[in-house]
Amino acid sequence: MPDPTNAQIAAALDELGDLYELDGAIVHRVVAYREGARAVRDASVSVAGLAREGRAIELPGIGKTLQEKIVTLIDTGAIPSAQRLREKFPAGLVDIVHAVPGMGPKRVRALYDGLGIDSIEALEAATAAHEVRKLRGFGAKAEETIAAALAAAAERGPEGQRRTILSRALAIGEPIAAALRDHPAADRVELAGSARRLADSVKDLDLIATANDPLALARALHEIPAVQSVGTVSEAGARGVTHTGLKIDLKIVAPDQFGNLLQHFTGSKAHNMQLREAAVRRGLHVSEYGVLDDETGETLRCPTEEAVYERLGYAWIPPELREGRGELEASARGALPPLIDTADIRGDLHSHTTASDGKATLEEMARAALVRGYEYLAVTDHSATHGFGNEVSPGDLRRHMERVRALDARLDGIRLLAGSEVNVLPDGSLDYDDDLLAQLDWVVASVHTSFRIGEAAMTERMVRATEHPLVDAIGHPTGRKIERRDSYPVDIGAVIEAAARTGTMLEINAAPDRRDLDDVQARAAAQAGVRILVNSDAHSTGNFELMRWGVATARRAWLTAGDVANTRPWAAFDALRKRKPAPA
DNA sequence: GCCGTTTTCGGCCCGACTGTTTTCAGTCG
């Protein structure tokens with residue numbers, strides 16, 4: 001049996017936290033399980049491997065007990081205390097806590113003990129029969145609130161729980177922020193929250209503003225075409241919903257507290273908790289309203305974020321790093337990495353043309369890359385069996401290579417690589433012969449089919465492709481689609497190890513619904529010594545702009561320009577390649 | 001359950017909102 005992945009271990013610890021919470025454990029114990037789960041999820045190496053060596057306790061938030069429970073999970077496939085609690089509490093109780101807003105573990109437990117409510121369906125029946133209001137601690141109002149929450153959850157369905165991917169959220173949120181900024185009543189307007197941290201997806205948009213006429217600015221939200229409706233409006237701000245269903249929360253604050261509010265609402269929750277815990281140890285209390293000093297009893301209000309961090313002994317931290325993954329310690333030490341920027345990118349090693357499923361011709365793509373200032377572009381149309389039509393037969397590929405090289409010869413200022421995005425077959429072999437692959441300048445190997453072959457087989461498949469001497473890089477290594485599809489089961493740690501060992505590059509695919517590798521995986525790969533690529537996977541000339549989302553993930557992975565291979569000038573990039581440079 | 005410039009016990013981030021048990025617990029972000 002393969003080791004559980006970090007995600008699986010984290011899920012087990014989260015479940016244990018949920019169960020202990022239902023069991024009435026003190027909140028700090030529950031929080032400890034959640035923190036442990038987060039530490040495992042964010043770990044850059046296999047936690048199963050660490051635990052086996054007794055080293056999981058090196059992760060912040062993992063102590064002796066959790067270390068032992070993880071080992072038991074690895075050895076037996078289960079944690080005994082979880083099994084015992086599962087027998088005590090039906091799974092429906094956890095379902096209610098997760099699915100019904102306002103229903104936490106305490107109230108769910110009360111309904112279970114008092115009325116035997118053990119599922120969402122049973123809760124619906126009990127509210128309809130007005131049984132809930134009879135229970136001590138609940139009233140008519142509570143029953144109505146629960147019924148409304150249940151109806152809303154049913155209305156939304158599982159789809160409604162989805163978060164909005166970052167590119168869509170910013171396409172809506174950035175123009176809204178700009179429109180508010182242009183309003184005569186506005187002074188400052190900034191997007192906060194996970195949108196500002198450039199997370200994979202966002203739940204809602206938080207806007208923090210200062211204004212010379214707060215009420216006028218709050219009213220202005222309603223005038224923006226993207227905004228469908230606005231609720232209560234006051235000098236403190238307004239709440240609204242866009243036509244796409246994205247919630248907007250505009251908060252208008254005094255200029256001398258703008259820094260406190262922006263810092264607070266940028267988050268993340270984990271970052272803010274760590275920030276405050278560290279502050280408490282030094283007699284300071286941080287909230288969205290200021291920094292309270294125990295000694296003087298005075299609250300420092302900060303007009304800028306820089307002032308907040310400075311008061312607490314930190315250099316300003318880029319929002320992309322504020323995930324509680326060591327950024328506070330690094331900031332205090334003056335050791336924050338100089339993060340990569342989109343302007344650092346000098347070439348794109350994954351693009352498509354009309355030869356396969358791209359929308360633009362070879363020449364259009366090459367000229368667009370040149371205009372963008374790139375020094376090199378790999379043209380990597382799909383191979384024979386990628387599964388979506390437009391396949392390039394071996395004969396087609398030979399002719400395509402000739403066209404790429406002919407264009408390269410007559411186009412100054414950019415080097416074109418005749419490449420291919422070669423499909424990795426289920427057994428790990430590639431769907432062109434080695435003879436043909438050897439004639440190419442660049443090969444990206446990607447999995448596009450047969451996702452459900454199981455973790456062991458998928459890992460073997462990808463490691464084999466990674467070890468192939470003619471594979472320069474692995475494309476979108478996990479196959480995830482943000483908010484739509486999980487990664488196929490694969491031991492990405494084994495792929496990272498193989499890539500580091502063989503000098504194969506791993507891609508951060510910049511397509512906004514992919515961003516694959518993700519931030520945690522890319523950080524782990526870079527730490528393991530893997531050369532990272534950030535590639536647009538452009539299928540049109542406009543798609544080169546997608547590089548932005550890949551760079552966002554690279555920044556969230558703590559990557560510098562030096563960690564990313566395609567920030568190099570051509571000669572330096574060429575020297576990093578696994579395959580011998582093509583003859584000139 | 002974790003953790004230590006309060007080191008092996010006794011704490012553990014902060015504030016808003018809601019409704020009910022009427023003085024505060026539960027939930028959320």
Side-chain angles (χ1 to χ4, degrees), chain A residues 13-14 16-40 56-70 79 81-82 96-111 114 132-146 148-149 163 192-194 197 202-206 208 232 234 236-237 239 247 249 251 253 257 260-261 263-292 294 299 308 312-313 324 328 332:
Chain A
L13 297 181
D14 270 331
L16 208 39
D18 288 339
L19 290 167
Y20 276 128
E21 198 169 31
L22 282 170
D23 202 32
I26 62 159
V27 62
H28 301 111
R29 190 164 164 223
V30 175
V31 167
Y33 277 96
R34 304 248 160 89
E35 280 295 296
R38 207 183 62 84
V40 170
I57 53 168
E58 292 171 16
L59 297 171
I62 303 286
K64 197 159 164 285
T65 305
L66 262 55
Q67 150 83 34
E68 283 169 10
K69 292 197 178 196
I70 293 169
I79 301 173
S81 49
I96 297 172
V97 173
H98 288 169
V100 187
M103 293 300 291
K106 294 289 197 305
R107 306 180 83 204
V108 167
R109 178 69 191 277
L111 289 168
V132 171
R133 64 179 64 191
K134 296 177 192 161
L135 195 64
R136 187 175 163 77
F138 295 80
K141 191 86 185 178
E143 190 177 82
E144 286 165 23
T145 309
I146 293 168
R163 296 161 61 96
S194 44
R197 301 198 311 278
V202 309
K203 191 158 68 79
D204 45 33
L205 293 172
D206 293 308
I208 311 296
T232 53
S234 75
R239 288 182 176 199
K247 290 199 181 78
D249 195 351
K251 288 183 174 54
V253 305
Q257 285 183 315
N260 302 104
L261 268 289
Q263 193 284 323
H264 174 81
F265 282 100
T266 296
S268 64
K269 182 176 177 167
H271 174 84
N272 284 353
M273 283 177 65
Q274 292 179 8
L275 184 81
R276 290 167 182 183
E277 280 166 12
V280 167
R281 289 197 284 275
R282 297 160 51 202
L284 300 171
H285 301 271
V286 183
S287 81
E288 58 264 56
Y289 305 113
V291 181
L292 169 67
D294 272 344
T299 299
V308 177
L312 300 171
L328 289 166

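Note that the coordinates shown come from a computational prediction; the quantities given were computed from them, not determined experimentally. Order of the sequence lines fixes the chain letters, A, B, ..., with proteins taken first and strands second; residue numbering starts at 1 for each chain.
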Next on the checklist: For the P atoms, the ones on B:dC9 and on B:dC14, what distance do you get once it is rounded to whole angstrom?
Outcome noted: 26 Å

Next on the checklist: Taking the P atom in each of B:dT27 and B:dT20, what is the distance between them to the nearest angstrom?
Outcome noted: 14 Å

Next on the checklist: I want to confirm an ordering. Mapping A:Val30 and A:Arg136 to their closest nucleotides on DNA chain B, which one lands closer to the 5' end?
Outcome noted: A:Val30

Checklist outcome for this item: On a heavy-atom basis, the closest approach of A:Leu328 and A:His271 is CD2-CE1, 3.8 Å

Checklist entry - Separation of A:Arg281 atom CZ from B:dT6 atom C1', in whole Å? => result 11 Å

Checklist entry - Checking all strands, does A:His285 fall into the base, sugar-phosphate, or nothing category for heavy-atom contacts under 4.0 angstrom? => result sugar-phosphate

Item to check | Gap in Å between the two P atoms, one belonging to B:dA25 and one to B:dT21, rounded | outcome: 14 Å

Checklist entry - If the P atom of B:dC28 is compared with that of B:dT23, how far apart are they to the nearest Å? => result 25 Å

Checklist entry - Quantified in whole Å, what is the P atom distance between nucleotide B:dC12 and nucleotide B:dG19? => result 30 Å

Next on the checklist: Could you tell me how far B:dT22 sits from B:dG26 if I compare only their P atoms? Round to whole Å.
Outcome noted: 14 Å

Item to check | SB check A:Glu68 A:Lys64 (cutoff 4.0 Å) | outcome: yes

Checklist entry - A:Met273 has an atom CE; how far is it from atom P of B:dC2, in whole Å? => result 15 Å

Next on the checklist: Using atom C1' in both nucleotides, what's the gap between B:dG10 and B:dG15 to the nearest angstrom?
Outcome noted: 25 Å

Checklist entry - To the side chain of A:Lys69, which of B:dG1, B:dC12, B:dG26 is closest? => result B:dG1

Next on the checklist: Salt bridge check, A:Lys251 against A:Asp249: does any charged N sit closer than 4.0 Å to a carboxylate O?
Outcome noted: yes

Checklist entry - At what distance, to the nearest 0.5 angstrom, does CD1 of A:Ile70 lie from CD1 of A:Ile79? => result 7.5 Å

Checklist entry - Any idea which heavy atoms bring A:Thr266 and A:Ala192 closest together, and the distance? => result OG1-CB, 3.7 Å

Checklist entry - How is A:Ile26 classified with respect to the nucleic acid when contacts are heavy atoms under 4.0 Å: base, sugar-phosphate, or nothing? => result base

Checklist entry - Say you draw a straight line from CD1 of A:Ile26 to OH of A:Tyr20; how long is it, rounded to the nearest 0.5 Å? => result 12.0 Å

Next on the checklist: Applying the Watson-Crick and G-U wobble criteria at under 3.5 Å, what pairs with B:dT8? Answer none if nothing qualifies.
Outcome noted: none

Checklist entry - Do the side-chain N or O atoms of A:Lys269 get closer than 4.0 angstrom to the phosphate oxygens (OP1, OP2) of B:dC28? => result no

Checklist entry - To the nearest 0.5 Å, how far apart are CG in A:Leu13 and CZ in A:Arg34? => result 11.5 Å

Checklist entry - What are the two closest heavy atoms between A:Tyr289 and A:Thr299, and how far apart are they? => result O-CG2, 4.2 Å

Item to check | Pairwise P distance, B:dT18 and B:dC13 [rounded to whole Å] | outcome: 25 Å

Provide a list of protein-nucleic acid N or O atom pairs under 3.5 angstrom, restricted to nucleotides 15-19 of chain B.
from	atom 1	to	atom 2	distance (Å)
B:dA16	OP1	A:Tyr289	OH	3.4

Item to check | Rounded interatomic separation in angstrom, taking OH from A:Tyr33 and P from B:dC3 | outcome: 13 Å

Checklist entry - For the pair made of CG in A:Leu275 and P in B:dC14, what is the distance, rounded to whole Å? => result 11 Å

Next on the checklist: Side-chain N or O of A:Arg276 versus OP1/OP2 of B:dC13: is the shortest distance under 4.0 Å?
Outcome noted: no

